[in-house]
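Worksheet: one structure, shown below.
Worth knowing before you read on, the calculation uses all heavy atoms, side chains too, and leaves out hydrogens, waters and symmetry mates. Since we're looking at a predicted model, the values are computed, not measured.
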Amino acid sequence: MEDTMMGIVDDTDGDDRKRVRLGDRDALIGGTDEFVAASWLRSQAAGVSPEGGDIRYIGDVDIASRLVHYAQPVLEKLIEYTEDVPLSVAVSDNKGRVLSRLDTNSAIGALVDTISLAPGFSYAESEVGTNGVGTVLESGRSVHIVGAAHFHERFQKYSCSGAPIRDPLSGHIEGVLDLTCLVEHSTPLLHSFVRSAASTIETALLNDRELNQRILFNAFSKMEAKTRSPLLVAGKNVLISTSKAQKLFDADEQRIIVQHALYLAERATKATEEIELSPQRIVKIRTTRISSGKSVVGVGVSIVNLTTLDVAVYVTAAARAPQFDVTNGPLMGTGHNSGSESCNEVSSVWKSVKSLIRDAVERKENVVVVGERGAGKEKLIRETVFEVYPDVAVIELEPGFDANDVKTDVDSGRNESLYLILRHPERWTTDEMISVKKVLSDISSRGNLVGAAAIVTEAENSDSEDNPFHRSHHGIFGRSIQVPPLRHRTNDLPYLVRQTLSEITGNGVSEMSSETLEKLSTYPWPGNITELRHALSECLSKKPSGRIEVEDLPDSIRLSSIHASGILEHVEREAIVKSLEENDGNRMRAAKSLGIARSSLYRKMKTYKI
């Protein structure tokens, strides 16, 4: 009995137990020795002190989250069923932060308060060592940690039983359910108890997912009754389409339509846009956001018309074949191609953005241009400005600019048209923002300012009220224009590849096989056009002339595997790459930020060839 009470029991419970020393402290293990040792080593590597230290208070936790909503009734039932046992029941999020706690009596509540098992405090393993919350997240499995098996000495008089709460569809850990009591009240049955209760919460989450699916089905029924057009309704793990849509589009084309429609739904309640499915097929869609409360559940897509080989196939009586404006032609190339070629090669997504930018430049509006790093925001602005105002002088302002230097540049161009490009204004100080206002006012008073653009990198764009740019840009800049990432306009790849190869080689002869282009179109391009240029430069370093084949591509692209139906996998891979970059390649921190166990991260990295 003593052994049971002083050890750690997980999913591989066994009877052959023995004492070993981990560092200078005893821990009872057996059947689980690697498990405990791995947890302690992780704790030591993270710099956790076993002798003391306060539990860190985070504070910014979502106590009204979907997880808490469905976990709370289970917590209340647990308290009701165990009212004779001094027990605290808590639920934490996927970063180890406590969200909610209930106690069977005030005595255990007062004791647990001394170890800060309370909403807002972090029980991540990297913060407090081996415990019933953080160790669940690190290992991805349920645990029963008793007494000296805790790494932190403050917890050694307690028993903690924890189990992961997973999203039933994605398998991702949403949070952890934890039962805490004194060692003398512990029993291995608590391990079974917490797993069963976590399963109950997962069932509730599944029912919630099913509710969202029912919402999508209901939306589909209502939309189908109101239109004779081909129709698709899509959400997470759900795609519903009419027979007309299925006849018009194959699986790959439906994937392209749905991916773009979900992108539009994130930004607008309703939208109408053209999508280039191939150089010969262009579809015009009308999207309607489908919501449940404040959450976006999915999107409804009505097909307005489809153009194939320049012959319009009308699907509604009022539909009209799209007429393309050839003046909104290629943006990312060198400008050597004709308008007709541009019309055929540049996607409707990019033409739409170009049209918005051109309209703003022609109206002399000051705009905010937002997009991911490497998406081509500044090049788009520059090319458009020089198209409209060939003799304009462009002045760049970056974080840390000298106001006197700016004044000198402005004065030197007193009689010519000026356009200002503000780079990374989200990083600017209050004084820099004040200086920019003065510069804009001065040039405007002379009458030679033709406009300004603030180039904002999406990953760094914060809506915080503490950000000087976000506090001050209202009234200075008008609309905000979103530049789509490359993964949302992969139909532009043939044109972009040809133009980029031409730029790198100086118009030297270099070709790419259709199989290689197809491989490029399945890659998510987290670095966007900048990454494409680097990839093509690497290809040319391997093969300076001749046709570029799949085996000439960088390993990160050549070995990537994104299936036609893998939209969610595509997004997941992108999230992992981004997290690894943000955490300087540290896999433990990356796994924590993603809310998955490190073992799960390793598995996914292997699957996605990261």
Side-chain angles (χ1 to χ4, degrees), residues 5-6 8-9 52-65 67-125 127-137 142-165 174-198 200-201 204:
M5 303 307 292
M6 296 299 293
I8 174 169
V9 182
D54 293 332
I55 313 302
R56 190 161 69 98
Y57 180 71
I58 307 296
D60 59 341
V61 295
D62 188 359
I63 60 174
S65 67
L67 174 61
V68 173
H69 175 75
Y70 288 106
Q72 198 67 21
V74 178
L75 267 62
E76 293 170 358
K77 282 292 183 183
L78 283 170
I79 292 299
E80 179 184 340
Y81 292 154
T82 59
E83 59 182 353
D84 296 331
V85 180
L87 186 70
S88 283
V89 185
V91 64
S92 306
D93 65 13
N94 57 16
K95 294 183 179 179
R97 301 175 298 186
V98 181
L99 301 175
S100 180
R101 191 192 89 202
L102 293 178
D103 311 310
T104 55
N105 59 54
S106 57
I108 187 64
L111 281 171
V112 172
D113 282 342
T114 65
I115 57 171
S116 302
L117 185 66
F121 285 89
S122 174
Y123 264 67
E125 191 180 72
E127 300 268 359
V128 298
T130 307
N131 73 91
V133 176
T135 303
V136 171
L137 294 173
S142 61
V143 300
H144 181 56
I145 302 176
V146 186
H150 286 96
F151 186 84
H152 199 303
E153 291 179 352
R154 290 178 61 184
F155 304 142
Q156 289 184 15
K157 66 179 181 179
Y158 297 96
S159 163
C160 299
S161 299
I165 303 168
E174 296 285 311
V176 177
L177 182 65
D178 173 78
L179 309 182
T180 299
C181 64
L182 293 171
V183 167
E184 54 263 35
H185 299 129
S186 179
T187 167
L189 290 175
L190 291 175
H191 189 207
S192 297
F193 206 12
V194 75
R195 285 185 292 188
S196 176
T200 301
I201 297 173

Tell me whether [X] contacts the main-chain N or O of [Y] through its side chain, where contact means a donor paired with an acceptor under 3.5 Å.
{"X": "Ser192", "Y": "Pro188", "answer": "no"}
{"X": "Thr114", "Y": "Leu111", "answer": "yes"}
{"X": "Thr104", "Y": "Leu87", "answer": "yes"}
{"X": "Arg56", "Y": "Val128", "answer": "no"}
{"X": "His150", "Y": "Phe155", "answer": "yes"}

(request) With rounding to the nearest 0.5 Å, note down the distance linking CD in Gln72 to CD1 in Ile201. (result) 9.5 Å

(message) I need the Ser196 OG to Leu189 CG distance, nearest 0.5 Å.
(response) 12.0 Å

(request) Sort and list the pairs that fulfil salt bridge (charged side-chain N to carboxylate O under 4.0 Å, His left out) and have at least one residue in residues 103-122, not counting sequence neighbours. (result) Arg101-Asp103, Arg101-Asp113

(request) Kindly determine whether Ile108 and Val85 satisfy side-chain contact (heavy atoms from CB on, under 4.5 Å), including the steps that lead there. (result) CA-CA 9 Å; Ile108 187 64; Val85 180; over 6 Å; no

Heavy atoms, side chains only, cut-off 4.5 Å: are [X] and [Y] in contact?
{"X": "Asn131", "Y": "Cys160", "result": "no"}
{"X": "Leu179", "Y": "Thr82", "result": "no"}
{"X": "Asp62", "Y": "Asp93", "result": "no"}
{"X": "Ser142", "Y": "Pro164", "result": "yes"}
{"X": "Tyr158", "Y": "Leu182", "result": "yes"}
{"X": "Glu125", "Y": "Leu137", "result": "no"}
{"X": "Thr200", "Y": "Lys77", "result": "no"}
{"X": "Arg154", "Y": "Ile55", "result": "yes"}

(request) Identify the residue among Val176, Val136, Val91 that makes a side-chain contact (heavy atoms from CB on, under 4.5 Å) with Ile165. (result) Val91

Looking only at heavy atoms, what is the nearest atom pair of [X] and [Y], with distance?
{"X": "Leu99", "Y": "Ile63", "value": "O-CG2, 3.6 Å"}
{"X": "Leu190", "Y": "Cys181", "value": "CD1-SG, 3.8 Å"}
{"X": "Thr135", "Y": "Gly129", "value": "OG1-O, 4.4 Å"}
{"X": "Leu177", "Y": "Ala197", "value": "CD2-CB, 3.4 Å"}
{"X": "Ile58", "Y": "Arg97", "value": "CG2-CD, 3.8 Å"}
{"X": "Thr130", "Y": "Ala149", "value": "CG2-O, 3.7 Å"}

Side-chain polar contacts of residues 115-124 - donor-acceptor pairs under 3.5 angstrom, sequence neighbours left out - could you list them?
residue	atom	partner	partner atom	Å
Ser122	OG	Ala124	N	3.4
Tyr123	OH	Ile115	O	2.5

(message) What verdict does the side-chain contact (heavy atoms from CB on, under 4.5 Å) test give for Ser159 and His185, after you've listed the backbone C-alpha separation in whole Å, the side-chain angles of each residue and the deciding distance to 0.1 Å?
(response) CA-CA 8 Å; Ser159 163; His185 299 129; over 6 Å; no

